[in-house]
Number of protein chains: 2
Amino acid sequence: MDAMPEARTLRVDAERNRRRLLDAALELFSERGLDVGVGEIAARAGVGRGTLFRNFASKEDLIAAIVGERMREAAASGRELLDAPDPEEALFEFLQQMVGQQQSDRALFDAVHDTFLANSEIAAAYAELVGVIEQLVARAQAAGVVRADLGALDLIVMVKGLCEAATALHHVNPHIAERQLDLVRAALRPAAATEPLRGRPPTIDDFKRAFPAPGAAAGAAKAS
Amino acid sequence: MDAMPEARTLRVDAERNRRRLLDAALELFSERGLDVGVGEIAARAGVGRGTLFRNFASKEDLIAAIVGERMREAAASGRELLDAPDPEEALFEFLQQMVGQQQSDRALFDAVHDTFLANSEIAAAYAELVGVIEQLVARAQAAGVVRADLGALDLIVMVKGLCEAATALHHVNPHIAERQLDLVRAALRPAAATEPLRGRPPTIDDFKRAFPAPGAAAGAAKAS
DNA sequence: ACCTGAACACCGTTCAAGT
DNA sequence: ACCTGAACACCGTTCAAGT
């Protein structure tokens, strides 16, 4: 397999523009939230507005591309922790990292559980991340330091929620995320499991059904 | 104190329009989220677009008015539970109610911790609600069923986050909010408090400083 | 092929004219 | 006093014209 085909003539410029747009957008979103205009993003990237829409079908797609990148980075960082000696510390170290990341890119992640899981790029990156967390949880459960009836997605729901609510207060009470993580830790301790959790653990299929990809409707496809 | 002054001539119509706008907006927001247009809201209320802006300075203020109403209702419902015999059940019954309400008005509450606490009407309603929760928590702590180092706002942050994250999955996994509340309960149990929570509990002042009211800037007021 | 910026459509907000 | 809807400003998206 002869790897990458030779670089196409002008494609290198296009690729550089795409990169610049992603970087400019991340900067502006982090500074001032998701409602910065596309014109300003294009300006900071040093390109015209049309170029933004040549690279990304919509502003929402631009955001999805950034979120997807961050998720793949998080999954990579979690995989490294699978080699750490202490399964309990490994799990909570990873959670702490996720919280930290979401605090710095708050506006970006706010939208993830809302609408963006419908985006196929994000959905794939998310499944990868969930897989890593499942392994971290399973390892901690095997070591007997986390209650056995907890699903990885139970934990994700907790932490995702905690991030959104705690981040707003971070700059006036910087230890609030740590407190919340301490409470999560207390919740997961086997000694605290005096009664089983109600219902069943959420699954990745739950998420897929909650955020169906557009155009993937079930039933007979009617010609239109 | 001779109560309400006699009703002004046409004000009764204005008041009715205001009510209709609030009801129409709540309906539409619940059905389709916060990005329904003001034109459509005014149309469902049976008034012109201008009337909406005569009653509310902006779309954001309209949302704030609705959120404020719901918070006052929640506070009233929590006060009733202060008379319930079992302090532990009273606290978690109240949390369950809050989760249920936020699930039906999801879009509305999403914005609360973000920007709307800067609105003075919401801030007042919020302080009232926090006061009730503080009493419910204190009662449960006095009975020894909740760890002593927990602040009321620790709990609010947890539950607020849990709601946002769990609501999206509710229609595919209806027990997910209950599972999350079970985890909260496990986190609060004195037996799970094997180590103290890091940092200090969040305070109402933290919230006020995190969401300063516009125009309430500190320092000398320069004439402009 | 890719880039650009003028033009379009849409939505929150204002305001002159009505009653 | 209050209501209305046309007009304005703003922002995401498209597209004809450039290189």
Side-chain angles (χ1 to χ4, degrees), chain A residues 4-26 28-29 31-66 107-108 111 114-116 118-119 214, chain B residues 4-26 28-29 31-66 107-108 111 114-116 118-119 214:
Chain A
M4 296 283 138
E6 48 215 316
R8 282 73 151 266
T9 21
L10 271 192
R11 270 292 174 70
V12 55
D13 274 44
E15 189 56 42
R16 194 193 38 142
N17 281 341
R18 188 187 150 87
R19 188 69 261 150
R20 280 189 182 174
L21 281 163
L22 286 169
D23 293 342
L26 177 58
L28 286 167
F29 288 151
E31 285 169 26
R32 283 158 38 208
L34 286 183
D35 47 7
V36 290
V38 288
E40 198 172 351
I41 295 169
R44 181 170 306 197
V47 302
R49 282 218 292 287
T51 303
L52 190 156
F53 288 98
R54 166 164 268 269
N55 281 281
F56 308 96
S58 64
K59 184 183 180 182
E60 215 174 73
D61 264 40
L62 167 60
I63 299 168
I66 298 177
L108 285 180
D114 280 349
T115 50
F116 288 118
N119 178 288
Chain B
M4 296 284 139
E6 47 216 316
R8 282 72 151 267
T9 22
L10 272 193
R11 271 290 174 71
V12 54
D13 274 45
E15 190 55 45
R16 195 192 38 143
N17 280 342
R18 187 187 152 88
R19 189 69 259 150
R20 280 189 182 173
L21 281 163
L22 287 167
D23 293 341
L26 177 59
L28 286 167
F29 288 151
E31 284 169 26
R32 284 159 36 208
L34 286 184
D35 48 6
V36 289
V38 289
E40 198 172 352
I41 294 169
R44 183 170 303 197
V47 302
R49 283 220 290 287
T51 303
L52 192 156
F53 288 98
R54 165 163 270 268
N55 282 280
F56 307 96
S58 65
K59 185 184 181 182
E60 216 174 73
D61 264 39
L62 167 60
I63 299 169
I66 298 178
L108 284 181
D114 281 349
T115 50
F116 287 118
N119 178 288

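Chain identifiers are assigned alphabetically (A, B, ...) following the order of the sequence lines, protein sequences preceding nucleic acid strands; residue numbering begins at 1 within each chain.
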Please report the shortest heavy-atom distance between [X] and [Y], naming the atom on each side.
| X | Y | result |
| --- | --- | --- |
| Lys59(A) | Asp35(A) | NZ-CA, 3.9 Å |
| Leu52(A) | Leu21(A) | CA-CD1, 3.8 Å |
| Val38(A) | Arg49(A) | CG2-CD, 4.1 Å |

Please pick, from dT13(D), dT4(D), dT13(C), the nucleotide with the shortest atom-to-atom distance to any side-chain atom of Val38(A).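 For Val38(A), the side-chain atoms sit closest to dT13(D).
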Between [atom2] on [N] and [atom1] on [X], what's the gap in Å once rounded to a whole number?
| X | N | atom1 | atom2 | result |
| --- | --- | --- | --- | --- |
| Phe53(B) | dG12(C) | CZ | P | 7 Å |
| Ile41(B) | dC10(C) | CD1 | C1' | 15 Å |
| Leu62(A) | dC11(D) | CG | C1' | 15 Å |
| Leu52(B) | dG5(D) | CG | P | 14 Å |
| Lys59(A) | dT13(D) | NZ | P | 8 Å |
| Asp35(A) | dC11(D) | CG | P | 9 Å |
| Glu60(B) | dT13(C) | CD | C1' | 14 Å |
| Leu21(A) | dT4(C) | CG | C1' | 13 Å |

Phosphate contact (dC2(C) OP1 or OP2) by Asn17(A) side-chain N/O below 4.0 Å: no
Can you tell me if Arg54(B) touches the phosphate of dC2(D), counting only side-chain N or O atoms and a distance under 4.0 Å to OP1 or OP2?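 Looking at the OP1 and OP2 atoms of dC2(D), one of them is under 4.0 Å from a side-chain N or O of Arg54(B).
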Assuming nearest nucleotide by heavy-atom distance, tell me which of Val36(A) and Gly48(B) is located more 5' along DNA chain D.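 This one resolves to Gly48(B).
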Atom CG in Leu26(A), atom CG in Leu62(A): separation rounded to 0.5 Å? 10.0 Å
Output for pair (Glu40(B) CD, Arg32(B) CZ), nearest 0.5 Å, gives 4.0 Å
Looking at every strand, decide which applies to Gly37(B) at a 4.0 Å heavy-atom threshold: base, sugar-phosphate, or nothing.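 It contacts sugar-phosphate atoms only.
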With sequence neighbours excluded, tell me which residues meet side-chain hydrogen bond (donor to acceptor under 3.5 Å, both in side chains) with Arg44(A).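 Arg44(A) satisfies side-chain hydrogen bond (donor to acceptor under 3.5 Å, both in side chains) with Glu27(A), Glu31(A) only.
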Qualifying residues under side-chain hydrogen bond (donor to acceptor under 3.5 Å, both in side chains), relative to Arg16(B), sequence neighbours excluded: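 Residues passing side-chain hydrogen bond (donor to acceptor under 3.5 Å, both in side chains) with Arg16(B): none at all.
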Stems involving DNA chain C: give each as a range paired with a range, ordered by first number, where a stem means at least three consecutive Watson-Crick or G-U wobble pairs under 3.5 Å.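 Paired runs of 3+ in DNA chain C: C:4-8 with D:12-16, C:12-16 with D:4-8.
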Looking at the base of dT13(D), is there any donor atom on it, or on the side chain of Arg49(A), that sits under 3.5 Å from an acceptor on the other one? yes
